[in-house]
Structure formats: C-alpha cells, structure tokens
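Input: a single structure, listed below in structure tokens.
The chain is numbered in sequence order, starting from 1.
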Amino acid sequence: MNFSFELKDEPLDGWNDYLTKNEIGNIYNTTGYAEYAKKWLGWKPLFCRVIDQSGNISLQVLLFEYVSSIEKIPTFFHGLIKNLRNTLRWNYGPVSILQEPTSFFFANISKKYKRLYGTTHPLSDLNYDYLKKTSWNTFLIDLTKQKEELYKNMSKHNARKNIERSIERNVIVEEINDQTLEEYWILFNKYRISMKLLEVKKEELEDMWNSLRNFGFHGVIARNDDRVIGGLLFSSFNEYINEWGVARSEEDYEEKLYAQDL
C-alpha cells in the first residue's frame, strides 16, 4: 500500500478526534500537551500524519524538535552545534495499530533527523524499526472491574491496611479546583526540594493545568486537621488514567497518615 507523509507546524484538522478513536491515543499527543511543552519545555511541536492511498489517517504522532544541551560549549560554536545536534522526540507513539504505516513513518523520519528518541505505548505490539530499544515496565490496572474487586486485589498488609489507617486518622481527600491549586503547588515544591529536585514555577503549573484540563486533567489533595499533607495529579484522556506529580508532606511520613494510599 502507498502512503503519504505530512509534517506541519500547526495541528491538522480533527487532530484530537483521531486520538480518541484510536485505542492507544493518549494525552501526550494532544494539542494541549503541545501547547504546554512549547511554552515551558522549549520544544517545537510538529504534527505528523501518515495517510493511506484512500485518504484515511493510518498514523498520527506529536513530534518535538529540541536541541541537546550546549551550555558547556563556547558561544562561538553554538550555531554550528545546534544544526548538528537537533533531536526529534515523541511520547507514547506513534499512534497507530498498523505495522505498514508505522514502518513507513520511521523510514521517512530517520532520513530527516539523525537523532531520534521516543517512548512507545505499553499496549502496542508493533515492531519499531530504525530504533535501538531499551526495555522498561509499565504497570497496568484494569479499571473496568468493580471497585470491590480492585480493592480486594490490593495487598492486605500494605495498601488496604494503610487505606484503613488513613481513614481512621481523619485524612480527607478532595478534588483540586482553581482555588486550591496553589495549595498543591506549595506542597509539591516542598516535596521536590526534599528530593533535591528543581522547583516548579507557579505559572508553569497553572499553564499546564489550563492547557490540559479539557483533556481530562484533574488532581486531588489530602488534608488532616486543615493541613495539606498530600497531593496527586492525574490525566484521564481517552479512558487512560495516568499518575502525575506526586506530592507528600513531612507530616504524612512522620505521623504515618498514608495519604497517598488513600
């Protein structure tokens, strides 16, 4: 079958709709994530499609151009190094369940870029030619099962017991809204500092929240005696719930409140 290759700076028609109709479509390939990554990660989004001879979309993926670090290279050589070190990356893609367009995509993109880096979807069983592969693991939980069955399958001595202890110790979980997002941000940065990680600007979190909220982006915080002791963000685009941004307080550790389990 013959295919054609499209690569544009702006979203193509029906971009997000295609993702919701494909079983491996995910939030990391949406226009919302492109908007966030362009502003805060400095990545240039490229919207790529492979079209079959009948005009149907066979593959779609959000690509990003970014330049590897050149901080240690003398300024005089920056222009040259940028041209040599341009890298193309993607997250959980390409979005396709067909092998032919996937092979066609890699054959074409590898001609345009010398450095490729990406992650594949954990449910995809396609072959990804032109790439050196590194194995990693993704834990999958089938949330179509009843709540009681899911709870029963949790470890009795760890997860279930910790959840019960958390409830007994009056930990309350509530959904984050525009008014409580700042409380999460404060705790999140305290947690990152304790892990020796860089702080996140409030404006970045707010932009990510606003860019992705229409794609199923939510969050929860946990309180105990009016103290915010835990937080968690998650996305639920296309029926996949993914965990983001864990935040945990010293009080949660020291007092064994188990907010994250709850």
Side-chain angles (χ1 to χ4, degrees), residues 1-70 73 78-138 211-212 215 235 237-238 240 242:
M1 183 178 287
N2 294 322
F3 298 100
S4 59
F5 191 81
E6 292 185 85
L7 192 64
K8 303 290 184 181
D9 292 340
E10 299 294 331
L12 298 158
D13 290 342
W15 183 267
N16 295 319
D17 289 340
Y18 172 82
L19 297 176
T20 61
K21 295 172 183 174
N22 193 294
E23 64 184 48
I24 63 171
N26 56 82
I27 196 169
Y28 294 98
N29 282 274
T30 62
T31 56
Y33 188 76
E35 181 182 320
Y36 161 72
K38 180 179 181 180
K39 182 173 181 179
W40 289 101
L41 303 181
W43 299 348
K44 177 187 176 183
L46 295 170
F47 299 86
C48 180
R49 269 182 182 162
V50 172
I51 309 295
D52 68 18
Q53 59 191 15
S54 299
N56 300 313
I57 304 169
S58 297
L59 177 149
Q60 183 172 285
V61 62
L62 174 60
L63 303 170
F64 293 103
E65 278 186 341
Y66 72 102
V67 180
S68 302
S69 176
I70 57 174
I73 299 171
H78 281 190
L80 174 63
I81 298 300
K82 283 184 178 181
N83 290 329
L84 293 175
R85 301 193 67 183
N86 269 5
T87 303
L88 192 74
R89 68 162 296 148
W90 64 91
N91 295 320
Y92 298 103
V95 179
S96 178
I97 59 172
L98 303 173
Q99 185 62 57
E100 277 192 89
T102 300
S103 297
F104 177 84
F105 163 77
F106 282 114
N108 275 269
I109 210 69
S110 62
K111 294 176 184 176
K112 298 176 183 293
Y113 294 88
K114 299 303 180 185
R115 295 167 59 88
L116 303 175
Y117 172 79
T119 54
T120 60
H121 196 283
L123 296 182
S124 175
D125 58 0
L126 301 180
N127 293 321
Y128 297 94
D129 301 326
Y130 304 95
L131 296 178
K132 180 181 178 182
K133 303 174 185 68
T134 300
S135 297
W136 63 317
N137 295 315
T138 301
S211 296
L212 298 178
F215 298 93
S235 60
F237 179 78
N238 204 24
Y240 289 105
N242 296 310

Does a side-chain heavy-atom distance below 4.5 Å link [X] with [Y]?
X: W136; Y: T119; answer: yes
X: F47; Y: L7; answer: no
X: W90; Y: N29; answer: no
X: L212; Y: E35; answer: no
X: D9; Y: L46; answer: yes

Taking [X] for its side chain and [Y] for its backbone only, find out whether a donor-acceptor pair lies under 3.5 Å.
X: Q60; Y: W15; result: yes
X: T87; Y: R115; result: no
X: N238; Y: N22; result: yes
X: Y66; Y: L41; result: no
X: Y240; Y: S235; result: no

Please find the pair of heavy atoms, one from [X] and one from [Y], that lie closest to each other, and give the distance.
X: I51; Y: E6; value: CG1-OE2, 3.2 Å
X: W43; Y: N91; value: CZ3-ND2, 4.4 Å
X: S96; Y: I24; value: O-CD1, 3.3 Å
X: P94; Y: Y128; value: CD-CE2, 3.9 Å
X: V50; Y: P101; value: CG1-CB, 3.9 Å
X: K112; Y: F5; value: CE-CE2, 3.8 Å

CG-CG distance between L98 and D52, expressed to the nearest 0.5 angstrom: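 Answer rounded to 0.5 Å: 9.0 Å.
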
Once rounded to the nearest 0.5 Å, what's the spacing between atom CG of L131 and atom OG1 of T120?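 Atom-to-atom, L131:CG and T120:OG1 are 9.0 Å apart.
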
Begin with the C-alpha distance, continue with both residues' side-chain angles, and end with the deciding distance and a verdict on side chain to side chain contact (heavy atoms under 4.5 Å, CB included) for L88 and L116. CA-CA 5 Å; L88 192 74; L116 303 175; 3.8 Å; yes

Report the residues that fulfil salt bridge (charged side-chain N to carboxylate O under 4.0 Å, His left out) with K21, sequence neighbours left out, ordered by chain and then residue number. none

Within 6.0 Å of NZ in K111, more than 12 heavy atoms from elsewhere: no

For atom CD of Q53, is the number of surrounding heavy atoms from other residues, nucleotides or ligands below 6.0 Å larger than 12?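 Counting neighbours around CD of Q53, more than 12 heavy atoms of other residues, nucleotides or ligands fall under 6.0 Å, so yes.
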
With sequence neighbours left out, write down each residue that passes side-chain contact (heavy atoms from CB on, under 4.5 Å) with E100, or none if nothing qualifies. M1, F3

Mind running side chain to side chain contact (heavy atoms under 4.5 Å, CB included) on L62 and T30 for me, showing each step along the way? CA-CA 7 Å; L62 174 60; T30 62; over 6 Å; no

Using ring-ring contact (aromatic ring centres under 6.0 Å, His included) as the criterion, list what pairs up with Y28, not counting sequence neighbours.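 With sequence neighbours excluded, Y28 shows a ring-ring contact (aromatic ring centres under 6.0 Å, His included) to Y33, Y92, W244, given in chain and number order.
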
